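Remarks on the structure that follows.
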Amino acid sequence: MSSTIEILNQSVRGRVITSSDAEYDEARSVYNAMHDRRPLGIVQCVDAADVMATIAAGREAGLDLAIRGGGHSVPGFGTVDGGLVIDLSVMNHVRVDPSRKVAQVGGGATLGDVDHATYPFGLAVPGGVISTTGVGGLTLGGGLGYLTRSCGLTIDNLLSADVVLADGRQVTASADQHQDLFWALRGGGGNFGVVTNFEFRLHDAGDIVGGPLFFEFDDARAVLECYRDYIARAPEAFSAFFGWQIAPELPIFPPERIGDLFCVLVTCWNGPHEEAERVVRPIREAAEVKAELFEAMPLPALNSAFDDAVPKGMQHYWKADFITELTDEAIAAHIEHGAKTPHISSSMHLHPINGAAQRVGAEETAFGHRDKNFSPVIAGIWDDPADNEANIKWVKDYYEAIHPHSGTDGGYVNFMSEDDDHRSPENYGANYQRLAAVKAAYDPDNVFHVNQNIVPA
Ligand SMILES: Cc1cc2nc3c(=O)[nH]c(=O)nc-3n(C[C@H](O)[C@H](O)[C@H](O)COP(=O)(O)OP(=O)(O)OC[C@H]3O[C@@H](n4cnc5c(N)ncnc54)[C@H](O)[C@@H]3O)c2cc1C
């Protein structure tokens with residue numbers, strides 16, 4: 001295998017890091033510390049040519065290939081034992097064209113890289129709620145966040161992608177070129193090739209009014225019922241996700257309440273600032289707000305507000321569904337298991353995916369569940385591996401309680417764990433067969449299989 005590394009050292013411009021390098025442990029680490037894998041080499045690609053060379057060397061040697069964008073994958077798909085990691089983190093360029101409202105974004109950029117580059121223009125790519133997340137994995141799975149209701153999923157704003165395929169060719173997929181591939185990339189994950197550049201449509205979003213509103217845990221039923229009803233009809237420029245939150249040491253909480261469990265609505269209003277209070281009022285009236293940080297701020301500030309709560313290196317185990325109706329029975333199950341939230345970083349988040357995201361047809365992109373209103377995720381996040389069993393049990397018990405009320409077996413691929421791999425057909429619904437056919441056309445040997453795999457057929 002050392003000949004593979006020698007070939008790579010001669011053919012790529014980026015660094016090739018192996019176990020003999022001092023940086024190996026840092027370079028092989030991914031966001032979810034549960035995945036302590038030892039690749040043969042981590043290739044820090046600087047351009048598409050490096051990606052092509054790495055794919056060729058890996059295929060020649062029969063090695064597994066892992067693609068890493070931001071490294072956030074909960075199942076640890078950005079690393080692999082004994083194989084090669086195509087690490088795109090150096091390819092994090094962002095070029096903004098304000099006149100066309102378009103951004104070119106490198107395959108290894110983070111959401112924070114994009115926000116940093118677009119905010120000075122008062123523009124944004126709809127992304128997620130933690131700025132360290134990679135654009136690559138988030139986009140290819142769908143991409144949901146504060147602007148989903150007004151601007152759609154991240155994939156709904158993808159105009160084209162440059163993709164290095166399993167056979168080493170680079171193609172551009174768009175509405176006019178390689179249309180099947182473009183369709184599959186928008187939800188089908190990293191199954192079809194390595195995206196070296198994403199081209200996104202930008203939206204007007206600079207300073208927003210938003211932030212968290214905290215309520216007593218005992219008011220959770222009233223808050224959830226109010227949230228369910230309001231988010232169905234609220235102006236699309238408003239978004240809010242529901243969650244559980246153990247109070248951290250912040251000045252907004254009295255010292256005696258630090259460590260108590262609250263429920264929270266994290267809001268974002270991307271409309272005229274003078275209308276913010278009117279828009280959020282129905283939520284304030286659900287129950288008494290016990291603490292809040294609702295104010296005008298740059299969108300990048302909201303997008304990074306919770307980064308410190310979930311640093312790299314923690315243990316993660318997540319489960320997810322899509323749901324159409326948040327039934328009273330589901331609310332009861334949420335409250336029963338939310339009450340047992342075991343760690344300050346753990347939560348269940350209920351993200352709305354109605355509004356603009358539902359104006360795209362179920363067959364227009366690979367992301368098939370366009371009739372669903374919410375994307376809930378039970379995100380078990382804790383620091384001590386000794387607590388793995390108890391925390392995983394909390395997630396599994398919680399999931400078993402809410403799943404019967406979901407009305408579908410499918411969920412958001414980006415919110416799942418490694419033991420959810422078998423759920424791919426349900427996650428894509430009627431689109432799965434077409435995805436398998438596109439996979440067969442572009443990656444018939446399943447070279448890209450370190451992912452929520454779509455088997456070529
Ligand atoms: C703390 C946290 C917060 C999150 N918040 C959100 C959120 O608000 N909204 C949301 O939608 N999701 C969210 N997610 C889920 C996130 O979308 C997924 O974890 C996603 O896989 C992260 O992408 P990445 O590039 O960082 O991951 P990586 O681990 O680098 O990649 C995951 C997989 O994506 C594919 N991939 C990545 N980049 C490329 C590329 N350039 N070309 C081809 N394939 C590629 C590969 O298959 C790779 O194995 C969050 C995750 C975490 C851990």
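Predicted, not measured: the structure shown is a model, and the values here were computed from it. First listed ligand is number 1; within each ligand, the first listed atom is number 1.
For Asn451, no nitrogen or oxygen atom sits less than 3.5 Å from a nitrogen or oxygen atom of ligand 1, counting backbone and side chain alike. Residue Arg68 places no N or O, backbone or side chain, under 3.5 Å from any N or O of ligand 1. In terms of N/O distances under 3.5 Å, ligand 1 is approached by Val195. Between Phe198 and ligand 1, no pair of N/O atoms sits closer than 3.5 Å. Residue-to-ligand polar distances place Ser73 within reach of ligand 1: an N/O pair is separated by less than 3.5 Å. Of the polar atoms of Gly70, at least one N or O is found under 3.5 Å from an N or O of ligand 1, judged by distance alone. Polar contact with ligand 1: absent for Leu88 (N/O pair, distance under 3.5 Å). Inclusion of Ile67 in the set of residues having an N or O under 3.5 Å from an N or O of ligand 1 is warranted. Considering backbone and side-chain atoms together, Val194 places no N or O closer than 3.5 Å to any N or O of ligand 1. The shortest N or O to N or O distance between His72 and ligand 1 is under 3.5 Å.
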Subject >> Trace of the side-chain contact (heavy atoms from CB on, under 4.5 Å) decision for Asn32 with Tyr317 >> reply: CA-CA 9 Å; Asn32 182 358; Tyr317 183 80; over 6 Å; no
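Under a 4.0 Å heavy-atom criterion, Gly142 is not in contact with ligand 1. Under a 4.0 angstrom heavy-atom cut-off, Trp318 registers as being in contact with ligand 1. In this structure, Gly141 has no heavy atom closer than 4.0 Å to ligand 1.
Distances from atom 45 (C) of ligand 1 to the heavy atoms of Leu140, Asp307, Leu138 show the closest one on Leu140.
Near Gly69, with a cut-off below 4.0 Å to any heavy atom, the atoms of ligand 1 are 25 (O), 28 (P), 30 (O), 37 (C), 38 (N). Of all atoms in ligand 1, listed by their number and element, those nearer than 4.0 Å to a heavy atom of Gly128 are 7 (C), 8 (O), 9 (N).
Residues Thr148 and Pro352 form no side-chain contact, since every pair of their non-hydrogen atoms from C-beta on lies 4.5 Å or further apart.
At a heavy-atom distance under 4.0 Å, only side-chain atoms of Phe415, from C-beta outward, approach ligand 1.
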What side-chain donor-acceptor pairs closer than 3.5 Å can you find for residues 156-165, not counting sequence neighbours?
{"from": "Asp156", "atom 1": "OD1", "to": "Arg370", "atom 2": "NH1", "distance (Å)": "3.4"}
{"from": "Asp156", "atom 1": "OD1", "to": "Arg370", "atom 2": "NH2", "distance (Å)": "2.8"}
{"from": "Asp156", "atom 1": "OD2", "to": "Leu153", "atom 2": "N", "distance (Å)": "2.9"}
{"from": "Asp156", "atom 1": "OD2", "to": "Arg370", "atom 2": "NH1", "distance (Å)": "3.0"}
{"from": "Asn157", "atom 1": "OD1", "to": "Arg201", "atom 2": "NH1", "distance (Å)": "3.3"}
{"from": "Asn157", "atom 1": "OD1", "to": "His203", "atom 2": "NE2", "distance (Å)": "2.7"}
{"from": "Asn157", "atom 1": "ND2", "to": "Cys151", "atom 2": "O", "distance (Å)": "3.0"}
{"from": "Asn157", "atom 1": "ND2", "to": "Leu153", "atom 2": "O", "distance (Å)": "3.0"}
{"from": "Ser160", "atom 1": "OG", "to": "Glu199", "atom 2": "OE1", "distance (Å)": "2.7"}
{"from": "Asp162", "atom 1": "OD1", "to": "Thr172", "atom 2": "OG1", "distance (Å)": "2.9"}

